Structures are given as C-alpha cells and as structure tokens.
2 protein chains.
Amino acid sequence: MGSKDTTTKRADARRSIDAIVQAAAECLGRNPDASLSEIARAAGVGRVTLYAHFSSRAEVVDAAMSRALDRGNEVLDTVDLTGDPRLALHRYIEAGWHLVDGTRALIVAAQRELSPARILELHAGPAARVEALVARGRAEGHFRTDLPISWMVNVLHSVMHSATEEIRAGRLTSDHAAHHISATVLAAFTTPGTPVPEPAP
Amino acid sequence: MGSKDTTTKRADARRSIDAIVQAAAECLGRNPDASLSEIARAAGVGRVTLYAHFSSRAEVVDAAMSRALDRGNEVLDTVDLTGDPRLALHRYIEAGWHLVDGTRALIVAAQRELSPARILELHAGPAARVEALVARGRAEGHFRTDLPISWMVNVLHSVMHSATEEIRAGRLTSDHAAHHISATVLAAFTTPGTPVPEPAP
DNA sequence: TATAACCTGAACAAGACTGTACGACTTAGC
DNA sequence: GCTAAGTCGTACAGTCTTGTTCAGGTTATA
C-alpha cells in the first residue's frame, strides 16, 4: 500500500516513478518547500514526466510519506522489542533515531498538503509500536505511570529529533547520539523515588 | 537594541512600526512562510506602509525576532533562578514553557532569512541563562554530569516544545503542561544510580 | 494653520511555482 | 521490427510574492 501501480505500467515507467518518490522523500525531508522541479531534477527525470505519473503536488507528498514510513517500518521490524523494556527501548533507539530526522521535515510538508485524516492514517502504524513498548514497560513496573503514555511517546520522539539538531549544529557526533538519547529517555521514564538505571556503555 | 528609531520618527509612524513588528511576530510565529501582505493586513496598515519602514523581508523578520526575544527576556527576568536548582528549573519552566511555542516557528523563518552570525547573536542571551542554571545544578551535585550541558539545554527546550505539540493535538491541557515538563526534565537530569526526585504537585 | 511627514490604494516589473499542451524522440515488450 | 507507452524540452497560462513608483489624501506637530 502507498506505492503506485506495479503491474499495469511499463518497466521504465516504474523505474521513473520509483526515482521520483525516492527523490521526493529526500528533497522534502531536507526542505518541506522543495519544488516539483527540484524533485524531478533530483530524480533525473523531466518535470513533465513527473506530471505524467502524479496529477498534483499532494500526490507526490503522499507517495513520499508512504515510502518513508514503509522504509521505517521495514527497519523497525528487524528490532527485537521483547525482553526487558529498558533494553528494548535502547535497541529501538539505536535502530531508529536517525529515521526521525528525515521524516520530521516530511511531516511538515504532509501537514500542509494532505488531509488530517490521511495524516492520522499514515501515522497509526509506527505510533502503535512504541506505545505498546511503553505500555509494557509500565505494566512490568520499569517505567513511570504518573505521566500519560502519549506524552512519553512524544518525549521519546522529541529527544530523538533534538539529537539530529545537535548534530547539525556540530555539538554532537552521530556515534554518541544513540547513547545520549537512551541515557536521557531512560532517566525521563524512571518512576520518581526509584534510582535511574546506569545507561549502557 | 532591536527596535527602530524612536526619536526621529513621528508618533503615528512609530505606532505603525510597532503594529507591524507585533503582527509579524504573531504571523511568523504561526507560519514562517507568512507573506508581507499578510503581515501588513494583520497590522492594519497598507503593504506600502510596511515597505516605507522596512526595506526588505529580512529586516521585518529580524525585528520580529528581536521583539520576541525581548519579551521573553522580560518575562524570564522576573523569575528567581537562585536556590535549589531543581526548584529553580521548575520555576523557569512554569514561567517560560509557552514562550518556546511562539518563538520556535519564528526561528525557522529567521534561519531562512537571517545570517547565521545574526542568529547566534540573537540567541546568545537567552541560552546563557539556562546554561548557567544547568551548570550550577551540576556543580552542586543535583544534575547529572555524564552528558554535555548543551545537550541538556537542548533536551529542556525540546520537551517544552513537545508540550505545545501535545496541546495542539488535544492530548494535553495547558494547565498540566508545566507539571509534565518539570516531571520529565527533572528525571532526565537525574544522575544515574540516584533516585528521581518526586515532582512538585 | 501651514507644512512636512505619513498613509493609502492602484498599478507595475520581475521572479518562482503549478499545472497543461504540444511535437518529436526513445525504448520496452510482444 | 513494429507499436504503443514512455520520455523529453520548450512553451504557455495562471497565480503568488517581493519590491518599487506614483498621485492623492490624512494627520501630527511647530
């Protein structure tokens, strides 16, 4: 789901569409205002070809968003989220913290071009994964229960995103990012009155 | 500094300039792409009047940014940041968490229109205030020292910003915001191995 | 009250982006 | 190899934004 016809079109058409969607995800991930000319150029196709496959800007954004989420899910599906929720959280962060970066700007573009219902629909999948992890951690007594789950999920993503900003600002190198995020979020999720776990080295 | 001439111009001119800067801060705070027509309309003046006082878009953005920071500093100057750093942090959050909201989108506009040097210059003041507080909390043994100060400051602002997102999404009411932020950041700042302090009710 | 500063709408030029149309060239696939 | 599908560059219309100019009306201030 999310991709264009993969059966009726010709091989080179499919190749073009793929290049466009990929370029769109990259360009819009960098700059939500990226023009269709820019995307077409980055994809190595003419602007007219883009319009042959996508009838409007919104369709391109939708396709790029879907692709980014598909890629993200693909990566996140390989992560083992069972066992100690604190370790699972660390694995989740290690695998996915850089995924947030590209999608963040894309979401801005999506919010301007797509209907709220579509946005919600696209976001339901990935959000559920983390929510479940946090909920399990709370049920097993490892995470605090004095704050709403939605808030905790948002904090997690927010801190991940802040790491990418720090990297861009040159105040953080990407090899330390996962550690910093884990150490921060793990502490933030700790129940008041109990000690903060030592972060993994 | 930051404001236009307040002596040479006539009274109604000063009034117009003020209305424009105020409207710009509001409009750009909502949407960093807001056009000058939009800003002029919101200020209740003609578009030409705007150009009579500001020679370019960048000048408007700069003025709006300066104004927002001035207002922020004004508010933050009333906050007592002495005493127990954990309580001081709570007071800081309570006073200023909503200030981050308006400035965040403004910063996006500023980053596109202003020179990096100017951005840095504008940001130096407010950043120093929090940095000093965090540094003091570390020196007094209340905050963790295993993460860089710049990272901790960024986490604080990031979590503040995430609160405004949660409010917009309808998952949080603004009366709970300060408490959630404080509870989260206080835990995040706690040294590993030591217990998380109970948040203020 | 006189005058200079100020405000105004209308209109213009230049540039960017979207979406569409056309004719000609290339290529996939039977 | 033939044909339809796909691609290409160019060009056009429509819209939007940024700045600028101009002539005429309003208002602060001395």
Side-chain angles (χ1 to χ4, degrees), chain A residues 3-24 26-28 30-64 105-106 108-115, chain B residues 3-24 26-28 30-65 105 108-115:
Chain A
S3 299
K4 296 291 265 192
D5 259 325
T6 175
T7 56
T8 62
K9 306 250 177 179
R10 230 172 62 177
D12 56 347
R14 268 176 284 149
R15 217 181 313 137
S16 284
I17 291 173
D18 216 58
I20 291 168
V21 176
Q22 179 172 347
E26 277 171 27
C27 292
L28 294 173
R30 252 183 285 115
N31 167 24
D33 295 322
S35 71
L36 295 188
S37 315
E38 201 176 328
I39 292 171
R41 205 181 327 120
V45 303
R47 199 170 65 93
V48 186
T49 303
L50 190 152
Y51 275 104
H53 298 298
F54 301 89
S55 63
S56 83
R57 174 173 235 275
E59 256 185 45
V60 179
V61 174
D62 193 306
L106 236 174
V108 175
Q111 278 172 340
R112 275 189 259 183
E113 238 86 33
L114 271 41
S115 77
Chain B
S3 299
K4 293 290 256 191
D5 259 323
T6 175
T7 54
T8 63
K9 306 251 177 180
R10 230 172 59 178
D12 53 350
R14 270 177 283 150
R15 218 180 312 136
S16 285
I17 291 173
D18 215 60
I20 291 169
V21 176
Q22 177 171 348
E26 277 171 26
C27 291
L28 294 172
R30 255 185 279 115
N31 167 25
D33 296 322
S35 71
L36 294 187
S37 314
E38 201 176 327
I39 293 171
R41 207 181 326 122
V45 303
R47 200 171 65 90
V48 186
T49 303
L50 189 153
Y51 276 104
H53 297 297
F54 301 90
S55 62
S56 80
R57 175 174 236 274
E59 254 185 47
V60 179
V61 174
D62 193 307
M65 188 76 182
V108 174
Q111 278 171 339
R112 276 190 255 182
E113 238 88 32
L114 271 41
S115 77

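What you are looking at is a predicted structure, and each value in this text was computed from that prediction instead of being measured. All chains are named by letter (A, B, ...) in the order of the sequence lines, taking the proteins before the strands, and each is independently numbered beginning at 1.
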Round to the nearest Å and state the distance from I17(A) atom CD1 to dA28(C) atom P.
-> 15 Å
Closest approach of I39(B) to L50(B) (non-hydrogen atoms, all atoms of both residues) = CG2-CD1, 4.3 Å
Here the distance between atom P of dA28(D) and atom CG of D12(B), to the nearest Å, is 6 Å
Does L36(B) reach the side chain of Y51(B), with side-chain heavy atoms less than 4.5 Å apart?
-> yes
Minimum heavy-atom distance R47(A)-S37(A), with the two atoms named = CD-OG, 3.3 Å
Taking CZ from R15(B) and C1' from dA5(C), how many angstroms apart are they, rounded to a whole number?
-> 13 Å
Measure the CG-CD distance between L106(A) and E26(A) for me, rounded to the nearest 0.5 Å.
-> 10.5 Å
Spacing of R41(B) atom CZ relative to dG9(C) atom P, expressed in whole Å | 12 Å
State, to the nearest 10°, the angle formed by the axis through the first five base pairs of the helix from dG19(C)-dC12(D) to dC30(C)-dG1(D) and the axis through its last five.
-> 30°
To the nearest angstrom, the CZ-C1' distance between R14(A) and dT27(C) comes to 14 Å
Between A64(A) and A24(A), the two heavy atoms sitting closest are CB-CB, 3.9 Å
Within the pair H53(B) and dC7(C), is there a side-chain N or O less than 4.0 Å away from OP1 or OP2?
-> yes
All N/O contacts under 3.5 Å from nucleotides 16-20 of chain D to the protein, with atom names and distances to one decimal?
{"residue": "dT18(D)", "atom": "OP1", "partner": "R57(B)", "partner atom": "NE", "Å": "2.9"}
{"residue": "dT18(D)", "atom": "OP2", "partner": "L36(B)", "partner atom": "N", "Å": "3.1"}
{"residue": "dG19(D)", "atom": "OP2", "partner": "R57(B)", "partner atom": "N", "Å": "3.1"}
{"residue": "dG19(D)", "atom": "N7", "partner": "R47(B)", "partner atom": "NH1", "Å": "3.1"}
{"residue": "dG19(D)", "atom": "O6", "partner": "R47(B)", "partner atom": "NH2", "Å": "2.7"}

How close do C27(B) and E38(B) get, heavy atom to heavy atom, and via which atoms?
-> SG-O, 4.4 Å
Do the side chains of D33(A) and R112(B) get nearer than 4.5 Å, heavy atoms only?
-> yes
Against the side chain of R10(B), the closest entry in dT27(D), dT7(D), dA4(D) is dT27(D)
V21(B) and F54(B), any side-chain heavy atoms less than 4.5 Å apart = yes
